[in-house]
Amino acid sequence: MTPTDHRTPTDDQTPTDDQTPTDDQPTPAGAGLQRALSAALATVGRNIDAFRDWYPDDTTVENVYRRRASKGGLAEGSNFGWTTSFWPGMLWLSYELTGDDAYRRAGEPLIGDFAERVERRIDLDTHDLGFLYTLACVAPWRLTGDDRAKTAAVEATEHLMARYLEPAGIIQAWGDLHNPEQRGRTIIDSLMNTPLLYWASEVTGDARFAEAAHRHTVQLRDHMIRPDSTTFHTFYWDPTTGEALRGATEQGHGDESCWARGQAWAVYGFALSYRYTSDASLLRAAERCADYFLDHLPADHVAFWDLVFTDGSDAQRDSSAAAIAVCGLDELASWLPEGARRQRYQVAAREILASLAARYSTAGHPESNALLLHGVYDLPKSVGVDEGNLWGDYFYLEALTRATRPGWKPYW
Ligand code: GLY
């Protein structure tokens, strides 16, 4: 698919370099985070021109996003893979924060890209439809009521629902449903794809979606969290009998280690599922995952790429895991009563975010068009190591939004 050609904001549509959020409420965020937010918004604004005709790749190369590399016959710069929606996600956050129409005008044509992707069934064999359609379509629908966006997101939900396997009660993560290597396998990241299902039940009245999301989440709670509160990255179920079989990793240090980003996905994903279900066991699951994550952070609060590494290690950090964790901790805290646990998560979220802003952001790096430096995509395969990445940037901006807009309603 080629990107639409009507994505052409003129120069006067480009947001100014000095964006200030329109929130006139007093916020607890300090001047440092407000400055970090202004810098992030300015970078997003500059990227509107840069990304006008193509989608950026999953990660930067030497800290600069380039055109998405072609893959499997899909054209360079076109809309495929699991990360393209993080760019419109950043645009919609920026629009919501500032009210500046330039962000909305840049995000709206991308709705057409995503509608076309689902209609033409382009690279849909993935559970990541949740990441993709929540940010590219549910977000604008929530903000502007765009009907095309709603229709595309509901259609994507049907494709996601087709990946729900009984009797295992899980959503298959990767690949064609008939691929024997992938059948019956899910991954911890899948928790972030369930909000699309919950949302679709709300807007269509069809309870199937929410029931599948809840059952899948309960299966992950019961089998992917180990007794010590670490998580497996991936897990296999027998697709015929539904029996839970074994855990394994793809992107972590080892099958038995705790991949930092997976643990962060778990914190946020279980907390979001609680938002929709009020199932207290899911809030408890989020707390367990959060406690392990926080107990294994280095002194500067930004996780190593796998939590097996601790202070004194020269292992890479994963700034994206830290950004996701901030959002997850904030979501989790928002559902807890006043008290020590709630305060622990709020303080930790603020410490991690402050460290990201001070030490990992691109402030002072004008050569970069990312928001965050020092992320890791897939270290065992040497992909995107010590680079910026689209999801890290999105969740950093969401984390800054949460810090400066208490009560902000997530797109998830
Ligand atoms: N969801 C894929 C990743 O976190 O790398």
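Being a predicted model, the structure only gives us computed values, none of them experimental.
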Would you say the rings of [Y] and [X] are close, in the sense that their centroids are separated by under 6.0 Å?
| X | Y | result |
| --- | --- | --- |
| W265 | Y268 | no |
| W305 | Y377 | no |
| W199 | W141 | yes |
| H127 | W82 | no |
| Y103 | W92 | no |
| F395 | W412 | yes |

Flag, side chain of [X] to backbone of [Y], donor-acceptor distance under 3.5 Å:
| X | Y | answer |
| --- | --- | --- |
| N47 | N369 | yes |
| T204 | A200 | yes |
| T60 | G388 | yes |
| D311 | A299 | yes |
| T98 | S94 | yes |
| N193 | F131 | yes |
| H296 | Y292 | yes |
| T194 | S190 | no |
| Y65 | N389 | yes |
| D57 | T59 | no |

Could you tell me whether [X] and [Y] have a side-chain N and a carboxylate O separated by less than 4.0 Å?
| X | Y | answer |
| --- | --- | --- |
| E287 | R284 | yes |
| R142 | E96 | no |
| R402 | E398 | yes |
| D300 | R317 | yes |
| R208 | E158 | yes |
| R66 | E76 | no |
| D291 | R344 | yes |

What's the shortest heavy-atom distance between [X] and [Y], and which atoms?
| X | Y | answer |
| --- | --- | --- |
| K150 | V203 | CE-CB, 4.1 Å |
| S320 | R261 | OG-CD, 3.5 Å |
| E387 | N63 | OE1-N, 2.8 Å |

If you define the side chain from C-beta out and look only at heavy atoms, does anything of [X] sit under 4.5 Å from [Y]?
| X | Y | value |
| --- | --- | --- |
| L124 | L129 | yes |
| L371 | M90 | yes |
| L41 | L97 | yes |
| Y411 | L143 | yes |
| L297 | I352 | yes |
| R185 | I170 | no |

When you look at [atom1] of [X], are more than 12 heavy atoms from neighbouring residues, nucleotides or ligands closer to it than 6.0 Å?
| X | atom1 | answer |
| --- | --- | --- |
| E181 | CD | no |
| E62 | CD | no |
| E202 | CD | yes |

(request) List the steps, then state whether ring-ring contact (aromatic ring centres under 6.0 Å, His included) holds for F209 with Y198. (result) CA-CA 6 Å; F209 304 127; Y198 292 122; over 10 Å; no
(request) Can you measure from CD1 (I122) to OG (S78) and round to the nearest 0.5 angstrom? (result) 7.5 Å
(message) Is the positively charged end of R68 above the ring of Y55, judged by distance under 6.0 angstrom from the centroid and angle within 45° of the axis?
(response) no
(request) Tell me, please, whether F232 has R226 positioned over its six-membered ring: NZ or CZ under 6.0 Å from the ring centre and within 45 degrees of its axis? (result) yes
(request) Starting from the C-alpha separation in whole Å, work towards a yes-or-no answer on ring-ring contact (aromatic ring centres under 6.0 Å, His included) for W335 and Y345. (result) CA-CA 11 Å; W335 295 108; Y345 301 138; over 10 Å; no
